Colleague: 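There's a structure below that I have some questions on.
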Amino acid sequence: MSNDMYLQISGSQELVIFVPATAPAVPVVYGPFKDWESVAEAKEALLQARVDLTSAVFVPLNKVVTEP
């Protein structure tokens, strides 16, 4: 039996909105979202809620999995 772990970095990943930490805050991740359209809708809703997305990045969600 193996305890190998793999980082899944390709394929059809879900997407997240990642907001880096600014002192004294901690990083925040919103999502996951199934596609870029969902990310755009979430971004608009967050902006309307006055969430600061100035330093946000929109990236695929990398997952740690137990099988390649």
Side-chain angles (χ1 to χ4, degrees):
M1 184 144 198
S2 173
N3 290 329
D4 292 342
M5 299 293 283
Y6 303 89
L7 179 61
Q8 179 179 328
I9 57 173
S10 63
S12 57
Q13 302 119 307
E14 297 168 306
L15 304 161
V16 294
I17 300 173
F18 175 77
V19 183
T22 54
V26 296
V28 177
V29 177
Y30 297 99
F33 306 101
K34 62 181 179 172
D35 54 32
W36 286 107
E37 183 178 332
S38 299
V39 170
E41 291 173 7
K43 178 183 175 184
E44 185 59 34
L46 290 166
L47 290 172
Q48 288 181 13
R50 300 180 189 223
V51 174
D52 182 7
L53 296 178
T54 305
S55 60
V57 290
F58 309 91
V59 295
L61 176 63
N62 295 320
K63 300 178 183 179
V64 176
V65 296
T66 55
E67 295 183 19

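Here the structure is a predicted model, which means the values were calculated and not measured.
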Colleague: Does the side chain of F58 reach to within under 4.5 Å of the side chain of K43, using non-hydrogen atoms?
Modeller: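 With C-beta onward as the side chain, the pair touches.
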Colleague: Could you pull out all residues at least two apart from V51 that satisfy side chain to side chain contact (heavy atoms under 4.5 Å, CB included)?
Modeller: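 For V51, the residues satisfying side chain to side chain contact (heavy atoms under 4.5 Å, CB included) (neighbours in sequence not counted) are Y30, L46, A49, L53.
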Colleague: I'd like to check the side chain to side chain contact (heavy atoms under 4.5 Å, CB included) partners of S55; sequence neighbours left out, ordered by chain and number.
Modeller: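 Counting only residues at least two positions away or on another chain, S55 forms a side chain to side chain contact (heavy atoms under 4.5 Å, CB included) with V19, P20.
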Colleague: Can you name the residues that form a side chain to side chain contact (heavy atoms under 4.5 Å, CB included) with D35, not counting sequence neighbours?
Modeller: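 Testing D35 for side chain to side chain contact (heavy atoms under 4.5 Å, CB included), a comparison that skips the adjacent residues, returns E37, S38.
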Colleague: Hydrophobic cluster membership, with links at side-chain heavy-atom distances under 4.5 Å among I/L/V/M/F/W/Y: are F33 and V57 in one?
Modeller: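 F33 does not cluster with V57.
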Colleague: Picking from V16, V59, I17, what satisfies side chain to side chain contact (heavy atoms under 4.5 Å, CB included) with V29?
Modeller: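 Exactly one candidate clears the test, V16.
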